[in-house]
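All remarks here apply to the structure that follows.
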Amino acid sequence: MNSKLPKIQIAVILGAIAYFSTLGAGESAAYGGLVSLVNTWLVDRHTNKQKTTTMSAQASVGMMAYSVIMRMAMVVGLTLAGYFHLELKSDALIISLILGLIGFLMDKVLQK
């Protein structure tokens with residue numbers, strides 16, 4: 001079994017989807033959860049890239065800054081696209097996104 005799989009994050013997202021499905025906003029919650037999973041994938045991708053590449057401390061900090069800026073722009077862009085273009089319900093989208101990110105943090109703490 002893959003221990004790197006974000007089990008808590010996925011469980012929290014599925015719980016949010018189930019809850020908001022009863023309120024008629026399951027699609028919005030699923031989209032918010034998907035955005036948090038994409039963010040998790042990007043974090044893992046950049047972390048693995050830093051581990052496999054030999055670089056100076058300055059280059060490592062620059063890569064980290066680039067990663068943070070790229071991920072924040074992606075989260076904001078996808079959230080706004082979901083709200084304005086897809087016309088999803090903002091409360092379900094934002095809450096499931098935040099719960100997914102909290103689940104990500106819980107996974108990272110418990111994996112160590």
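- Annotation for Asp107 and Lys7: closest pair OD2-N, 3.5 Å, computed over non-hydrogen atoms.
- Leu101 and Ile69 fall into different hydrophobic clusters, where Ile, Leu, Val, Met, Phe, Trp and Tyr residues are linked whenever their side-chain heavy atoms come under 4.5 Å apart, directly or through other members.
- Within the 4.5 Å cutoff, the side chain of Val35 has no heavy atoms near those of the Leu93 side chain.
- Under a hydrophobic-cluster definition in which Ile, Leu, Val, Met, Phe, Trp and Tyr are linked whenever side-chain heavy atoms come within less than 4.5 Å, directly or via other members, Met70 and Met74 are assigned to the same cluster.
- Leu86 and Val38 fall within the same hydrophobic cluster, defined by Ile, Leu, Val, Met, Phe, Trp and Tyr side-chain heavy atoms under 4.5 Å apart, directly or through other members.
- No side-chain heavy atom of Met64 sits under 4.5 Å from any side-chain heavy atom of His46.
- With contacts defined as side-chain heavy-atom distances shorter than 4.5 Å, the pair Leu97/Thr79 qualifies.
- At a threshold of 4.5 Å between side-chain heavy atoms, the hydrophobic network of Ile, Leu, Val, Met, Phe, Trp and Tyr places Leu23 and Ile98 in one connected group.
- Across all non-hydrogen atoms, the minimal contact from Ala16 to Ala29 is O-CB, 4.0 Å.
- The shortest distance between side-chain heavy atoms of Ser67 and Arg71 falls below 4.5 Å.
- When the side-chain contact (heavy atoms from CB on, under 4.5 Å) test is applied to Ser90, the partners found at least two apart in sequence or on another chain are Tyr83.
- Residues passing the salt bridge (charged side-chain N to carboxylate O under 4.0 Å, His left out) test with Asp44, sequence neighbours excluded: Lys108.
- Counting heavy atoms from C-beta outward, Ile8 and Phe104 have side chains that stay 4.5 Å or more apart.
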Report task. Could you give me the CA-CA distance, side-chain angles and deciding distance for Ile13 and Leu99, then say whether side-chain contact (heavy atoms from CB on, under 4.5 Å) is met? Result -> CA-CA 7 Å; Ile13 291 169; Leu99 289 175; over 6 Å; no

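- Under the side-chain hydrogen bond (donor to acceptor under 3.5 Å, both in side chains) criterion, the residue pairs touching residues 8-37 are Gln9-Ser36, Gln9-Thr40, with sequence neighbours excluded.
- Taking hydrophobic clusters as Ile, Leu, Val, Met, Phe, Trp and Tyr residues chained together by side-chain heavy-atom distances below 4.5 Å, Ile17 shares a cluster with Ile10.
- Between atom OG of residue Ser96 and atom CG of residue Leu88 there is a gap of 9.5 Å, rounded to the nearest 0.5 Å.
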